[in-house]
Each structure stands twice: as C-alpha cells, then as structure tokens.
Amino acid sequence: MRKPLVAGNWKMFKTREEAQRFSSELVPLVTGLSDTEVLICPPYLYIHQLVEAFEGTPIQIGAQNVFWQDQGAFTGEVGPAMLESVGATYAIVGHSERRQYFSETDEIVNKKIQAVLSSSLHPIVCVGETLDEREQGKTSTVIQNQVMRGLSQINEKQAQALVIAYEPVWAIGTGKTATPQIAQEVHAHIREILSRLFGKTVANTIRVLYGGSVKPDTIDALMAMQDIDGALVGGASLDVASFATILGCKG
Ligand code: PGA
C-alpha cells in the first residue's frame with residue numbers, strides 16, 4: 001500500500017563534475033526500477049542539472065533544506081517556489097545536522113513544513129533522539145515532541161503529502177545502524193502519533209523512512225519491518241555502486 005521511498009542525502013559533498021559523473025553512471029542502472037520511488041537530494045547548486053540528467057528515469061530530485069518564504073530579502077536562502085521552478089519534488093526539513101549546527105528549532109521546522117505543504121513539494125521531516133536521550137530513556141518523549149511540534153497546525157489533507165524520516169542521531173555517519181527491531185519500535189510509535197493527529201487511514205498512507213548508516217548489507221532487514229517504508233541514505237548514497245545496490249538495481 002505504501003510505495004517504498006529511498007532517498008539519498010548527499011549533504012555537502014561532490015563538485016559539479018562529480019555530480020555529472022554520478023548521474024551518467026546511475027542512469028543505465030535504474031531503467032526498469034518501478035517498485036521503489038527514488039530520490040536524490042544534492043546540494044542546491046546541482047538540482048537543476050540533475051533534474052535534467054535524470055529526465056525520463058524514475059529518479060526524482062529534492063533539496064536538503066528549504067526556507068519558509070517563497071521570496072524576499074532573505075540573503076542566502078532558497079524557498080519552495082524556487083525549488084519547484086527547477087523541478088525538485090521533495091525537500092528534507094529538520095535534519096539533525098540543521099538542528100545541531102544551524103539552530104533549527106521545532107518551531108522553525110514547523111514553519112518550513114507549512115511552507116513546503118503550501119507548494120507542490122513533499123517535505124521529508126526528520127526526527128531522532130541523541131545517544132544521551134536514548135540512554136536516559138527519553139526516546140519516546142523526544143520523538144513525540146518533535147513530531148507533534150513539527151506538525152502543529154497541519155491538517156489531515158495536507159498530511160497526505162508528508163514523509164517522516166526517523167534518524168537516530170547516534171546512528172548518523174557513525175556506522176552504527178539501529179537494529180531493525182529498535183527502528184521498528186520507534187516507527188510504530190511515530191505511526192501511532194500520526195494516527196492520533198490525522199486518523200488511522202491517513203496515518204497508514206504516510207511513509208516513515210529510516211536513516212542512519214544505511215548500507216547495502218543492512219537495507220533488506222530494515223525494509224522487512226512492517227512500519228519501515230524506505231530509507232534516507234547519507235554516506236552510502238555518494239557511491240553509485242552502493243546506492244544502486246540499496247535501490248535493488250539489477251544493473
Ligand atoms: P548516513 O546519513 O547514512 O551517512 O548515516 C544519513 C542522514 O544523515 O540522512
């Protein structure tokens with residue numbers, strides 16, 4: 001019922017030429033891929049170029065961040081209307097690196113989600129606990145707060161465009177993937193919160209992705225879990241061969 005979504009988050013990696021090489025190597029591998037929705041979120045600079053490079057393939061292009069206004073005197077920012085105009089279809093919102101290094105609060109995340117939902121883009125809303133929070137038994141509370149505050153004032157209809165990504169901060173870029181069971185437990189909790197907010201029917205259509213050191217050899221066990229509907233992949237999405245393996249390309 002929920003079509004899996006695998007999204008690559010390139011973070012601040014690759015030059016223009018490297019992005020170009022990546023796309024020309026990936027294109028021949030992804031023809032025929034139809035069971036999974038595939039997304040790549042490069043730095044803003046390469047969105048347009050990659051939209052063109054992947055035209056006619058199942059690969060969509062998204063942004064790693066977005067501002068909450070469409071235009072104005074906001075030096076350095078990029079809004080949803082601009083992303084739409086270059087062909088992006090998704091925007092990651094509230095990644096833990098944005099929360100940690102750029103002081104993004106749940107209130108800011110909420111403004112961004114509202115702005116993205118007013119456009120044709122889909123937000124991928126990231127939530128996740130730190131190691132400290134997990135060790136202190138606060139995971140459920142942290143997740144509940146991030147989801148509830150991030151999705152405040154979103155209605156049932158808008159909620160249908162949402163994607164949530166559970167990314168335990170302790171698993172990002174560390175090589176420590178959450179076990180499928182640990183991830184499933186949090187995913188089920190997220191779906192229960194979504195049910196309370198938007199009703200069971202809508203909650204059952206919202207995809208909840210797992211992110212945090214997803215690799216070719218960990219993807220299958222994660223995807224086998226009931227409430228894991230795809231992955232947000234950082235490091236392993238930078239390499240064509242490992243990303244293609246994660247996508248299940250026969251190549
Ligand atoms: P990672 O990053 O796969 O390198 O852990 C995931 C993410 O931050 O989205």
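None of the values given here were measured: they were computed from a predicted structure. Excluded from the calculations below are hydrogen atoms, water molecules and symmetry mates; all remaining heavy atoms, backbone and side chain alike, are included.
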Set of salt bridge (Lys or Arg N to Asp or Glu O under 4.0 Å) partners for E25, sequence neighbours left out: none

Donor-acceptor contact below 3.5 Å, side chain T245 vs main chain A241: yes

Residues, nucleotides or ligands: over 12 heavy atoms within 6.0 Å of R196 CZ: yes

Under 3.5 Å: donor-acceptor pair, side chain of K3, backbone of S34: yes

Closest heavy-atom pair and its distance - V93, K112: CG1-CB, 3.7 Å

H95 vs E167, side chain to side chain donor-acceptor pair (under 3.5 Å): CA-CA, chis, key distance, verdict: CA-CA 8 Å; H95 189 280; E167 297 208 306; 3.2 Å; yes

For residues 119-129, run the donor-acceptor check on the side chains, cut-off 3.5 Å, and write out each pair with its distance to 0.1 Å, sequence neighbours left out.
residue	atom	partner	partner atom	Å
S119	OG	V116	O	2.7
S119	OG	L121	N	3.0
S120	OG	E84	OE2	2.9
H122	ND1	A161	O	2.9
E129	OE1	Y166	OH	2.9
E129	OE2	R134	NE	2.7
E129	OE2	R134	NH2	3.1
E129	OE2	Y166	OH	2.9
E129	OE2	W170	NE1	2.9

Pair H189-Q144, side-chain contact (heavy atoms from CB on, under 4.5 Å): steps then yes or no: CA-CA 8 Å; H189 180 220; Q144 163 135 331; 3.8 Å; yes

Shortest non-hydrogen separation from I219 to A231 and the atoms involved: CD1-CB, 3.8 Å

Ion pair check, R149 and E107, cut-off under 4.0 Å: no

Pair E133-T130, side chain to side chain donor-acceptor pair (under 3.5 Å): steps then yes or no: CA-CA 5 Å; E133 290 164 341; T130 62; 3.3 Å; yes

Main-chain N/O of A236 paired to S242 side chain as donor or acceptor, under 3.5 Å: yes

Verify same cluster id: I193, Y210 (apolar side-chain graph, 4.5 Å): yes

is_close_aromatic(W10, F22), centroid dist under 6.0 Å: yes

Geometric cation-pi criterion, K111 with W68: 6.0 Å, 45°: yes

More than 12 heavy atoms of other groups within 6.0 Å of F13 CZ: no

Closest contact, heavy atoms only, V233 versus S237: O-OG, 3.1 Å

A53 to S23 - nearest heavy-atom pair and separation: CB-OG, 3.6 Å

Heavy-atom pair with the smallest gap, counting every atom of M223 and D229: CE-C, 4.3 Å

Atom NZ of K176: over 12 foreign heavy atoms under 6.0 Å: no

Identified side-chain contact (heavy atoms from CB on, under 4.5 Å) counterpart of V6 within the set L33, L209, T36: T36

Pairwise salt bridge (charged side-chain N to carboxylate O under 4.0 Å, His left out) hits with a residue in residues 34-47, at least two apart: E37-R207

Donor-acceptor contact present, side-chain Q184 to main-chain D227, <3.5 Å: yes

Salt bridge present between K138 and D132 (N-O < 4.0 angstrom): no

Nearest atoms (heavy-atom pairs only) where N204 meets M1: O-CE, 3.4 Å

